[in-house]
Amino acid sequence: MLNYLWGGFILIGILCAAFTGRMHAVTTGVINNAKEAVTTCITMLGVLSMWTGFMNIADKSGLTENITKKMMPFLKWLFPDIPKGHKAFEHIGSNVAANILGLGWASTPAGIYAMEELDRLNGGKSGASDMMCDFMIFNMSSLQIISVNMIAYRSQYNSANPSEIIGAGLLATLASTLTSIFFIMLRRRFFKKR
Amino acid sequence: MRLVILLSDMMIPAVMVYIVLYGARKKVDIYDAFVEGAEKGMKIVVTILPTLLGLMVAVGVLQNSGLLEILCRLASPAADKIGFPAEALPLTLMRLVSSSAATGLLLDIFAKYTPDSFIGRFVSVMMCCTETVFYTISVYFMSIKAKKSRYTLVGAMIANAAGVAASLIICKLCWG
């Protein structure tokens, strides 16, 4: 799916640029973005590794396990196919916790660890398991409670009340998250397991 | 307002203090554990780079070729009909692909219409409840080399669309 989309973006985009006479813009844009990918990764190298460092302390001290235990009733309900006490739950727990707190770059490594564990459960099949898809969909439904960045951008642009959107943002986030849970439940009800 | 800023300033230090104290109390070699974890993080970033690079190249084409404008112009009559601000269409699409490109478009809207306009408020709320779906799917699935993401994209797009619709409805009710 992503292969078609990626190829489509590039081919149709360049065709489009040829007709609108924007080949030069595309050339510089592509090269600048390739550079930007590297600079982003250099920043990420620092910040993300800092979080995996702290997360490792939390793992070793049993803090992650402790937090996951509190979320367990919910996680078990959402992902009933993951065996009880499996390591994947811990990573899913820290991923969800980091997402809720809005620590974006702390949630990525936890999510990747969770996917690695789920992959092990899947026995090295090349396609994603139901568990992986469900976890990803839930994860991408946006779990963050307060978008601090958004408030900062709003005040930077002289909003009279930068934080007025918090309540509305929270409700909208709730809507997208509930929709993802609803989707997962419907999927489980109507489509066969794999 | 000041409470929110205070809380957000406290968030990261508080998480750090909690983890360090908890680790020390459980007699973990905290610095060794940190270094070990950081090393794993470095490896993760190395696996993310090629995925991010591929995505950013596609974003570069999308942004500069005029394709995004054409797509949005095609969609704008339908958007008008349901009361969706057409100027927010490029941002809504870009939000799925790249966080930095979306932030750029967001700030353009803030500069042009102010954050306190209807569209300014709408995009603020919409950005809170949506996610960079394409980026996240590629990074997570690439890291485990799973070839087929199956229904992940469909499910994530439905959840995101629900978020966008909810943002529009809530903004209409509050500030429309």
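Using a 4.5 Å cut-off between heavy atoms, A:Leu2 contacts chain B through its side chain alone, with no backbone atom that close. Using a 4.5 Å cut-off between heavy atoms, A:Thr108 contacts chain B through both its backbone and its side chain. Interface residue A:Val26: backbone and side-chain heavy atoms are both found under 4.5 Å from chain B. Contact annotation for A:Phe19: neither backbone nor side-chain heavy atoms come within less than 4.5 Å of a heavy atom of chain B. For chain A, the nearby part of B:Ile70 is the side chain; its heavy atoms alone come within less than 4.5 Å. If you measure heavy-atom distances from B:Ile144 to chain A, the contacts under 4.5 Å come from both the backbone and the side chain. Proximity to chain B (any heavy atom under 4.5 Å) is restricted, for A:Phe183, to the side chain, taken from C-beta onward. Only the side chain of A:Ile166 comes within less than 4.5 Å of a heavy atom of chain B; its backbone N, CA, C and O stay farther away. Only the side chain of B:Leu153 comes within less than 4.5 Å of a heavy atom in chain A; its backbone stays farther off. Proximity to chain A (any heavy atom under 4.5 Å) is shown, for B:Phe122, by neither the backbone nor the side chain. Contact of B:Met42 with chain A is made through backbone and side chain together, with heavy-atom distances under 4.5 Å.
Interface remark: of the candidates B:Arg121, B:Met157, B:Lys145, B:Arg121 forms the most heavy-atom pairs closer than 4.5 Å to chain A. Of the residues considered (B:Ala162, B:Gly60, B:Ser167, B:Cys129), B:Cys129 shows the highest number of contacts with chain A, using heavy-atom pairs under 4.5 Å. Considering only heavy-atom pairs separated by less than 4.5 Å from chain B, the leading option among A:Ser180, A:Pro109, A:Gly111 is A:Gly111.
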For the pair A:Met132 and B:Thr152, evaluate side-chain contact (heavy atoms from CB on, under 4.5 Å) and give the outcome as yes or no after the intermediate values. CA-CA 8 Å; A:Met132 292 179 191; B:Thr152 311; over 6 Å; no
Does B:Ser100 form a side-chain contact (heavy atoms from CB on, under 4.5 Å) with A:Glu36? I'd like the steps, not just the answer. CA-CA 10 Å; B:Ser100 64; A:Glu36 202 191 309; 3.1 Å; yes
Given side-chain contact (heavy atoms from CB on, under 4.5 Å), test A:Trp51 with B:Val15 step by step and report yes or no. CA-CA 10 Å; A:Trp51 283 120; B:Val15 170; 4.0 Å; yes
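Counting only heavy atoms from C-beta outward, the side chains of B:Gln63 and A:Asn33 approach each other to under 4.5 Å. Using a 4.5 Å heavy-atom cutoff, the side chains of B:Ile44 and A:Met44 are not in contact. Annotation: side chain of A:Asn149 is not in contact with side chain of B:Thr103 (no heavy-atom distance under 4.5 Å). Counting heavy atoms from C-beta on, the side chains of B:Tyr151 and A:Asp134 come closer than 4.5 Å. Considering only heavy atoms from C-beta on, A:Tyr113 comes within 4.5 Å of B:Lys40 through its side chain. At least one side-chain heavy atom of A:Leu5 sits less than 4.5 Å from a side-chain heavy atom of B:Phe134. Within the 4.5 Å cutoff, side-chain heavy atoms of A:Glu164 are placed close to those of B:Asp116. The shortest distance between side-chain heavy atoms of A:Arg154 and B:Ser124 falls below 4.5 Å.
Within a 6.0 Å radius of CZ in A:Phe182, no more than 12 heavy atoms belonging to other residues, nucleotides or ligands are found.
Checked by atom type and distance alone, the side chain of A:Ser142 pairs as donor or acceptor with a backbone atom of B:Cys128 at under 3.5 Å. Judged by distance alone, with hydrogens and angles left aside, the side-chain atoms of A:Ser176 form no donor-acceptor pair with the main-chain N or O of B:Asn160 at under 3.5 Å.
Between A:Tyr157 and B:Pro115, the shortest heavy-atom contact is O-CD, 3.3 Å.
Remark: B:Tyr22 OH to A:Ser61 OG distance equals 6.0 Å, nearest 0.5 Å. Taking CD of B:Glu131 as the reference point, atom CE of A:Met136 lies at 9.5 Å (rounded to 0.5 Å).
Within residues 95-104 of chain A, the residues having any heavy atom closer than 4.5 Å to a heavy atom of chain B are A:Asn95, A:Leu101, A:Leu103, listed by residue number. Inspection of non-hydrogen atoms places B:Leu106, B:Leu107, B:Phe110, B:Ala111 of residues 106-114 of chain B under 4.5 Å from chain A. Heavy-atom neighbours of chain A within the stretch residues 28-36 of chain B, taken at a separation under 4.5 angstrom, comprise B:Val28, B:Ile30, B:Ala33, B:Phe34, B:Glu36. Among the residues in residues 83-94 of chain A, none has a non-hydrogen atom closer than 4.5 angstrom to a non-hydrogen atom of chain B.
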